[in-house]
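Following: one structure in structure tokens, then a few remarks.
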Amino acid sequence: MSGHSTFEPKHPALKWFESRLPLVGLIHSSFVAYPTPRNLNYWWTFGGILSLMLVVQILSGVVLVMHYTPHASMAFDSVEHIMRDVSYGWLLRYMHANGASMFFIAVYIHMFRGLYYGSYKAPREVLWILGCIIYLLMMATGFMGYVLPWGQMSFWGATVITNLFSAFPVVGPTIVEWLWGGFSVDNATLNRFFSLHYLLPFMIAGVVVLHVWALHVVGQNNPTGVEPKSEKDTVPFTPYATIKDGFGMVCFLIFFAWFLFYIPNYLGHADNYIPANPLVTPAHIVPEWYYLPFYAMLRSVPDKLGGVLTMFGAIIVLFFVPWLDTSKVRSARYRPLFKQFFWIWVAVCIGLGWLGSKPAEGGYVIAGRILTIWYFAHFLIILPLLGLFEKPKAVPASITEAVLGKSKGGAPASAGVSAPQTKG
Amino acid sequence: MRGKETIVAATETAGTTRRDFLYIATGAMGAVGAAAAVWPFISQLQPDASVLALSSTEVDLSQIQEGQIVTVKWRGKPVFVWNRTAADIEKAKATEISALIDPVARNANLPAEAPATDQNRAAEGEGREKWLVVIGICTHLGCVPIGHMGEFDGWFCPCHGSEYDSAGRVRRGPAPENLAVPPYSFVSDTKISIG
Ligand code: FES
């Protein structure tokens, strides 16, 4: 554990380069010597998994563009051409389409992790907000990508989502016309969405760099929520975190491969294999699964503008979580009440997702309203009040104490690395 | 020596204001220049000339039977042309304005504040009231409603369940407005031109 070294180039060529651009040193200090809390669990591997998925999406996307035609009359056929004619085209397309879902699964776990362990609290507010921005960019990218195959769901999804902006008074209809570049979703829309769908992932990559930078300034949170106090509380990133992240990635890739090879269309919608028809709306249009909770909120408000504001508000509120949560204690481990409310809130999100996939009628709408109110109440009422009324459990003095404190006698120093005693 | 000091003092007081002016003027020019450079990038988003050129469509009414709703494409959107039966018209006429969600006609051929009576929604002129021409886009989030469906004998939107009556007026939410009547005129007794 004495690996908190600094980088000293030995080779003369490397020395020459390093004194002109200290790139290797930067990589070394960020991903080799960087101290990570010794008690990180597997929920902390999703940052690495997300970076991997971003690379998968960009690589497969760049290759798909070599075979795709962004034109209203040819897009659908060119996607079928990729599926049938292009060598391994089916693999690349399924990888990209399912990769998007995997990306969202990972980001939701990553966000739930942050919320559970209070990773958004001071001094990590900017880190958290950058993450929220990445999430927003991902939503925009995913939405525009879904439009490109130009099937029925693409077309009508695009129509419904762009029409959201028509809810804004006065300027709404003009905004929508300018989004479309016409009077309906059409070729101009497809072209601009394609352009932006190609651009946004690189913007995501840029914000990811800021996100990682911010992370390396303030350091990682950890399951106890206690800041590392001494060198004993941390281990060097390599090999500890690299191996752990690597193992997480492999497990995640197996999960991804299962979707990719066995149920590649499970998360899609059959209607998207019908070419877009501007004159007929499919009987039941739903967005992709990762937007469903927000879609449910949109539909649970009977007023058009109100629905749109509620939906956007559900995301905006995340930006303010660092200030809405008034508790001094970070980790849910030491917050008995928060822990319960957290899981209720997770259930509410999943419930909203399920409701979003159901038709908007009768009991579904009423349930949607109740869950929408709970979603907002969690942030606007429960979080601020919990900080005032909850009596947290005793927080350990240090990470090392939390990890080793319970091992009776023995040799704590060596037991810490091997024994999984982090159940708290 | 004294002379030099006065000059320094003078440039300092006068100079500060002159500098300020120059900074502001430069900044303002820069802002105007940046805005001028940005404008083409924004402006290219709007509907282009080829899209605007496709702005009118003709419909032959003689082919539409009584009770039939025909969908035509105008500016990339569906337009419904409905040859309404006497019963449909009767029902639409019997509906009080106070019972409507949106009391305004939304008819591009009439003044903006015209009330949503059946007369203001249907085609103008003798014997033409059976024709109802509306843009087939749900005013909620833009799906295409399905004809002859729903409780009000007009349209039903499959997306979020809005319902329209036999004058294309919204009768059940979440859609906020009546189906829009596009600008159109009769070219002859059996032909209309939309747009
Ligand atoms: S689009 Fe018709 S009800 Fe929502």
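Every chain is numbered from 1 and lettered A, B, ... according to where its sequence line falls, protein lines coming before strand lines.
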inquiry  = Counting only non-hydrogen atoms closer than 4.5 Å, does A:Ile285 touch chain B with its backbone (N, CA, C, O), its side chain (CB onward), both, or neither?
reply    = side chain
query = How long is the gap from OG1 on A:Thr281 to CG on B:Leu141, to the nearest 0.5 Å?
reply = 11.5 Å
ask   = Mind checking which of residues 96-122 of chain B sit less than 4.5 Å from chain A, heavy atom to heavy atom?
value = none
key: Proximal to chain A - members of residues 62-93 of chain B, heavy-atom separation under 4.5 Å   = B:Thr71, B:Lys73, B:Arg75, B:Gly76, B:Lys77, B:Pro78
Minimum heavy-atom distance A:Trp156-B:Cys143, with the two atoms named = CZ3-CA, 3.7 Å
Gap between atom CZ of A:Phe183 and atom CD1 of B:Ile137 - 0.5 Å precision = 12.5 Å
ask   = Closest heavy-atom contact between B:Pro158 and A:Pro282?
value = CG-O, 4.1 Å
inquiry  = Is it the case that atom OH in A:Tyr266 sees more than 12 heavy atoms from other parts of the structure closer than 6.0 Å?
reply    = no
Shortest non-hydrogen separation from A:Thr159 to B:Gly142 and the atoms involved = CG2-O, 3.3 Å
Output side-chain donor-acceptor pairs under 3.5 Å for residues 31-41 of chain B, partner residues at least two apart or in another chain, one line each.
none

key: Largest heavy-atom contact set with chain A, pairs under 4.5 Å, which of B:His160, B:Gln46, B:His140, B:Gln44   = B:Gln46
ask   = Just checking heavy atoms, which of residues 294-318 of chain A are less than 4.5 Å from chain B?
value = A:Tyr295, A:Leu298, A:Arg299, A:Pro302, A:Lys304
note = B:Val144 and A:Pro278 have their tightest heavy-atom pair at CG2-O, 3.8 Å
ask   = OG1 of A:Thr174 to CG of B:Leu45: how many Å apart, nearest 0.5 Å?
value = 13.0 Å
note = If one checks every heavy atom of A:Pro359 against chain B at 4.5 Å, the contacting part turns out to be neither
ask   = Does CD belonging to B:Glu58 count more than 12 external heavy atoms closer than 6.0 Å?
value = yes
ask   = Checking B:Ile42 against chain A: side chain, backbone, both or neither under 4.5 Å from a heavy atom?
value = both
